[in-house]
There are 4 protein chains.
Amino acid sequence: MARPKSEDKRIALLEAAVRVFVAHGLGAPTALISKEAGVANGTLFTYFDTKGELVQQLYRELKLEMASALLRGLLEEKGLRERFFHVWSNWMHWAMSNPDKLRVLALLAVSEDVTPELRVEVGKFMWKVEVLLEQSRANGPLRDAPIAFVGEILTSLANATMGFMASDPENAEQHCKTGFEALWRVIG
Amino acid sequence: MARPKSEDKRIALLEAAVRVFVAHGLGAPTALISKEAGVANGTLFTYFDTKGELVQQLYRELKLEMASALLRGLLEEKGLRERFFHVWSNWMHWAMSNPDKLRVLALLAVSEDVTPELRVEVGKFMWKVEVLLEQSRANGPLRDAPIAFVGEILTSLANATMGFMASDPENAEQHCKTGFEALWRVIG
Amino acid sequence: MARPKSEDKRIALLEAAVRVFVAHGLGAPTALISKEAGVANGTLFTYFDTKGELVQQLYRELKLEMASALLRGLLEEKGLRERFFHVWSNWMHWAMSNPDKLRVLALLAVSEDVTPELRVEVGKFMWKVEVLLEQSRANGPLRDAPIAFVGEILTSLANATMGFMASDPENAEQHCKTGFEALWRVIG
Amino acid sequence: MARPKSEDKRIALLEAAVRVFVAHGLGAPTALISKEAGVANGTLFTYFDTKGELVQQLYRELKLEMASALLRGLLEEKGLRERFFHVWSNWMHWAMSNPDKLRVLALLAVSEDVTPELRVEVGKFMWKVEVLLEQSRANGPLRDAPIAFVGEILTSLANATMGFMASDPENAEQHCKTGFEALWRVIG
DNA sequence: CATGAATGAGCGTTCATTCAT
DNA sequence: GATGAATGAACGCTCATTCAT
């Protein structure tokens, strides 16, 4: 191959897209993304057939990255609550460290380009967390609710907490704990 | 341009916008909205100076409508939990009856056109609920958390519950109660 | 209607297209056409949904104009040969007077945008000439050939004659007659 | 770039161009041509400096091939009419055997890339036919017309006949003869 | 020389907004 | 005020051509 398609460039484009989408919304021109990535206009389209394709891949990669971050350092020996808090804490800290990505995920969540199928596919990245959630709520007050509902509650509390931590970073640690305690009251 | 002639037309445009935005996203052409409203292209701009203005007014009106719905039939004599559940129930049922408006609110929530100031302004529509929330959490586990945080938790749990009710309308009433119980465990 | 779509503008666009296509081929940018017509870029698309639509309408109109020109002043009382020569002469002179249109028709004849259906539709503009042709060849040497074939021979001889007249306008009249005599030897 | 290595590849590209141009018109991307030829995108440009160059060479080669086909098996001893019919018949059969090339020649005939000079150059490939034509018309009705005009008439009748043969291959032989008789009535 | 990724000018089309009627 | 044609900046995407490998 002459000049192989470089994974670096693909990643540069995705990262540029995050910055550009944060600044201008998903409606931002592809030209801005390629410029931000330091490549030519047309190059973007050798890596992504359409803008929609870029958006979809970005959604997948961000969700995957987030899901991976959640599990970092998770040990099996601890108690359920501790394990869950570990995940929760990872989650919150990933969000604090990646505010742009978090913001873009919020945009992507309502994008036309993110299809229900893609949402399902990407939901699977969280299966380990789902297992933990299953176990945690097994004897809790939501033991009879549909697990999907419990999952949505988890996600929504996580988002609320992230949002609040971001708005008051001084007391981020405190809010992280508060959020978890709220969660644990609901499910644990 | 200050006071347009027909309030009817203004409302028709806003309602058309809801339908069009649900079907095509916020990126939908204004021409589609005016057509859906049964008025000419240019007429839209005598009611709203720009598309952004329309978006903002729509956000304001939808939030106001929702906030009003929450308080319907609220009596002072009952207990705190009952009063809060009444509000919660109103909220959930408004959402169930207005899935389009709910969906559009989700889009508007991340729109470029909805400024932080507007968000603040519109947040005030919920002041009565906030009072209720203040009272409810006064002796609860979140008594020391910032009220804004508690508010976000409320909102996020409400959204999660609405979403789940919409996806499983058969058991909507059940989910409504489950959601409320989760909430009450957190704040009450 | 506010400002009714003006037939003038439509015609101006079509005429501009002729000039631009002659100068730059059918691949010429639509922007050049609108500029040449003295209207804005986007205006072209209120008159023609796509560039292809413009091309098709142009084909239709040019063919119609040419077909109409052929019959001008045709009287019934004369002999067949005289009537046919009248038509032929009209044809040749229209071509001499409209070299641009003739050139564009040559481009359109092989354009992707001109569908077989359109060709058939447009072929009907020549039905009076076809009748004349039928009568003329009825007792001639091609009396047993398919009429479509005879029609193609007519067209091809006409094109050859037009082409040559244009290249040597000094003796155009002479060539016009020569061409007709050639034709008449074949069909008459 | 002067003398490319592999004549095979050059020919493969020209043949691919015929197929691609037939299917997509002269506007077809060069990338399609190289793919069809089984070589890389950029390779095309070591064989042809520009797309226009390829178009010109293709025109030249097709015209040359056609001209060569006309003379195949032509013997001097026969009478003029027979010799001319031999050429005519070769011509028609080449066209029938190479419908794609014929179609592409029709496209090339109006292409921007085919300059008048090239047309003249390529016209010389037919000089033997021109000699035959000169002799044939020497005592015929067109004896006083410019030879170029007679040439155009020949070409146009040939094209009409080819076209019709292609559209009704069942009776191709018949049409071939009919076409020739028409021609001979005009020039012979 | 062959390859195919990189380039960027260019194109058809859209659409918020303006304005003549 | 209502209308809808006019406007032109903007956008996504293409493609001939170049050039690093």
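Below, chain A is the first sequence line, B the second, and so on; all start at residue 1.
- Minimum interatomic distance between K51(D) and L26(D) (heavy atoms only, all atoms of both residues): NZ-O, 3.0 Å.
- A close approach under 4.0 Å does occur between a side-chain nitrogen or oxygen of T30(C) and OP1 or OP2 of dG12(E).
- The distance from atom CZ of F45(D) to atom P of dA16(F) is 6 Å, rounded to the nearest whole Å.
- Both T50(A) and K9(C) sit near DNA chain F, but only K9(C) has its closest nucleotide nearer the 5' end.
- The nucleotide dT7(E) finds its pairing partner in dA16(F), both defining distances of the Watson-Crick or G-U wobble pair being shorter than 3.5 Å.
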- Item | side-chain contact (heavy atoms from CB on, under 4.5 Å) evaluation trace for Y47(D) with I11(D) | CA-CA 10 Å; Y47(D) 288 86; I11(D) 290 172; over 6 Å; no

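- Taking atom CZ of residue F48(C) and atom P of nucleotide dA5(F), one finds them 14 Å apart after rounding to whole Å.
- In this entry the distance linking NZ of K51(D) with P of dT18(F) reads 15 Å, nearest Å.
- Look at CG on L13(A): it is 14 Å from P on dG12(F), rounded to the nearest Å.
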- Query: Can you check side-chain contact (heavy atoms from CB on, under 4.5 Å) on V55(B) and F48(B), steps first, answer last?
  - Reply: CA-CA 9 Å; V55(B) 165; F48(B) 309 95; over 6 Å; no

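- The existence of a salt bridge linking R10(D) and E61(D) is confirmed by a sub-4.0 Å separation between a basic side-chain nitrogen and an acidic carboxylate oxygen.
- Proximity of T46(C) to the phosphate of dG4(F): no side-chain N or O atom is located under 4.0 Å from OP1 or OP2.
- Taking atom NZ of residue K5(A) and atom P of nucleotide dG4(E), one finds them 11 Å apart after rounding to whole Å.
- Checking A40(D) against A28(C), the closest nucleotide of DNA chain E that is more toward the 5' end is the one next to A40(D).
- Regarding E53(D), its CD atom lies at a distance of 14 Å from the C1' atom of dT17(F), rounded to whole Å.
- When the P atom of dT17(F) is taken as reference, atom CG of D49(D) falls 9 Å away, rounded to whole Å.
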- Item | Stepwise side-chain contact (heavy atoms from CB on, under 4.5 Å) test for K35(A) and V20(A) | CA-CA 10 Å; K35(A) 186 199 260 188; V20(A) 168; over 6 Å; no

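- Closest to the side chain of V39(B), from the set dC13(F), dG8(F), dT3(F), is dT3(F).
- Taking the side chain of P29(B) as heavy atoms from C-beta on, and the options dT7(E), dA16(E), dA16(F), the nearest nucleotide is dA16(E).
- For dT21(F), the paired base is dA2(E) (Watson-Crick or G-U wobble, both distances below 3.5 Å).
- Side-chain nitrogen and oxygen atoms of Y47(D) include none within less than 4.0 Å of the OP1 or OP2 phosphate oxygen of dC1(E).
- For N41(C), whose side chain is taken as the heavy atoms from C-beta onward, the closest listed nucleotide among dT7(F), dG8(F), dG12(F) is dG8(F).
- Nearer to the 5' terminus of DNA chain E, by closest-nucleotide assignment, is the contact made by G38(D) (compared with the other of G38(D) and G27(C)).
- As rounded to whole Å, 12 Å separates atom P of dC15(F) from atom NZ of K35(D).
- Mapping L26(A) and T43(B) onto DNA chain F via the closest heavy atom, the residue that lands nearer the 5' end is T43(B).
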